[in-house]
Asks: 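If you scroll down you'll find the structure; I have some questions about it.
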Amino acid sequence: MIAGITGDPLVYLNGDFTPLSQAKISVLDRGFIFGDGVYEVVPVYARKPFRMAQHLERLARSLAAIRIPNPHGAAEWQDLVQQLIDTSGADDQFVYLQVTRGVAKRDHAFPEHVVPTVFGMTSPFARPSAVQRENGVQAVSMPDERWLHCEIKSVSLLGNVLARQFAVDRGAQEVVMFRDGFLSEGSSSNIWVVKDGRLLAPLKNHLILEGIRYGFIEEMAAARGIAFDMRPIAQSEVAAADELMLSSATKEILPIVSLDGRPVGNGRPGPVYARLRQGYDEAIAAL
Ligand code: PMP
């Protein structure tokens, strides 16, 4: 039994659905050997995928960025996601999709003839608890030590794994990372700053993963009349923020109430968070 997984759910591997315990890949898979692959996480509410088109577009962009031919068109991917949802009894799920360059003799350069490995699974999704939503989470600052293609949703996640552990080792739930003195993102989330009623987020460039929630929150801000600026954000501005938030498929949107042991604003989730949270819940209820 794999830690944290109960039962033996069906997973998708290269055209077949098989029990997780029997799904096997070659040790020469370039995902295993080099981290040469990309992935997506699509949240599913009441058995309906949320923002699937945007997730599939980002998957296509990640694949193109590392020159893996997209093994499926959007309709095929949608079909696969639906089939995965159907294998599960859970109403709320997150569907994980991964494509690696495939299996080949170990050599850094791209192999000439190789078939991408396609893997998919779904897991029950425990939405952020009322306690997290109402009390927020703790974060710690750290330098962003990752590479310069953070826009690619790569399975090479060592930098992100070490960043998350940095937080865990300090009793926090997430890091807030800075590169050359400017905000980038969390280990597995985008970070939002509120100052004087304005919502701020870093530029969408190669230094962050453009979250699907990034676009969604941007839309909500426009629809709800929340002033929004996308620009470089200095570490000193983050330290002086009225509110901080994080967003990701699995954390949705959560207030960060302390940074490096100091309260953010008054140490309670703020009014901009409350408005965005309401918008998030309404969008999910309307699915
Ligand atoms: N940045 C990183 C590094 C992430 O891993 C994630 C989670 N996928 C995000 C941002 C947020 O992206 P999304 O809203 O699509 O989950």
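Side-chain atoms are counted along with the backbone in the values below, which use heavy atoms only and exclude waters and symmetry mates. Atoms within a ligand are numbered from 1 in the order they appear, just like the ligands themselves.
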Asks: What verdict does the salt bridge (charged side-chain N to carboxylate O under 4.0 Å, His left out) test give for E151 and K204, after you've listed the backbone C-alpha separation in whole Å, the side-chain angles of each residue and the deciding distance to 0.1 Å?
Replies: CA-CA 8 Å; E151 83 282 12; K204 297 173 186 169; over 6 Å; no
Asks: Would you mind telling me which of P69, P116, P71 makes a side-chain contact (heavy atoms from CB on, under 4.5 Å) with L63?
Replies: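 The option that passes is P71.
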Asks: Any idea which atoms of ligand 1 are less than 4.0 Å away from a heavy-atom of S187?
Replies: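 Listed by number with element: 3 (C).
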Asks: Any nitrogen or oxygen of R146 lying under 3.5 Å from a nitrogen or oxygen in ligand 1? Just yes or no.
Replies: no
Asks: What protein heavy atom lies closest to atom 11 (C) of ligand 1? Include the residue and the distance to one decimal.
Replies: N190 OD1, 3.6 Å
Asks: Report the part of N160 (side chain from C-beta onward, or backbone N, CA, C, O) that has a heavy atom under 4.0 Å from ligand 1; answer both or neither where that applies.
Replies: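 For N160, the contact with ligand 1 is made by the side chain alone.
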Asks: Going by the side chain to side chain donor-acceptor pair (under 3.5 Å) test, name the single residue among E174, Q165, R146 that passes it with S187.
Replies: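 Per the side chain to side chain donor-acceptor pair (under 3.5 Å) rule, the option paired with S187 is E174, out of E174, Q165, R146.
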Asks: Can D281 and R127 be counted as an ion pair, charged N to O under 4.0 angstrom?
Replies: yes
Asks: Side chains of H55 and E57: do they bring a donor and an acceptor to under 3.5 Å?
Replies: no
Asks: Tell me, please: is K153 in heavy-atom contact with ligand 1, that is, under 4.0 Å?
Replies: yes
Asks: Please work out, at 4.0 Å between heavy atoms, whether the side chain, the backbone, both, or neither of R213 comes within that distance of ligand 1.
Replies: both
Asks: Which atoms of ligand 1 have any heavy atom of I212 under 4.0 Å away?
Replies: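 Near I212, the atoms of ligand 1 are 13 (P), 14 (O), 15 (O).
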Asks: With a 4.0 Å cut-off, would you call E210 and R58 a salt bridge?
Replies: no
Asks: Is C150 close enough to touch ligand 1? Criterion: a residue heavy atom under 4.0 Å from a ligand atom.
Replies: no
Asks: Is D36 reaching over with its side chain to a backbone N or O of G31, donor-acceptor style, under 3.5 angstrom?
Replies: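 Pair absent, no side-chain N/O of D36 close to backbone of G31.
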Asks: Just to confirm my output: which protein heavy-atom neighbour is closest to atom 12 (O) of ligand 1, and how far is it?
Replies: G211 CA, 3.1 Å
Asks: Among all protein non-hydrogen atoms, which one is nearest to atom 1 (N) of ligand 1, and what is the separation to 0.1 Å?
Replies: E185 OE1, 2.7 Å
Asks: Quick one about Q278 and E282 (side-chain donor to acceptor, distance below 3.5 Å, no hydrogens or angles considered), yes or no?
Replies: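 Yes, Q278 and E282 have a side-chain donor paired with an acceptor closer than 3.5 Å.
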Asks: May I ask you to list the atoms of ligand 1 that are less than 4.0 angstrom from any heavy atom of R58?
Replies: 12 (O), 13 (P), 15 (O)
Asks: Only heavy atoms count here, so choose which of A249, S247, P43, S188 is nearest to atom 7 (C) of ligand 1.
Replies: S188
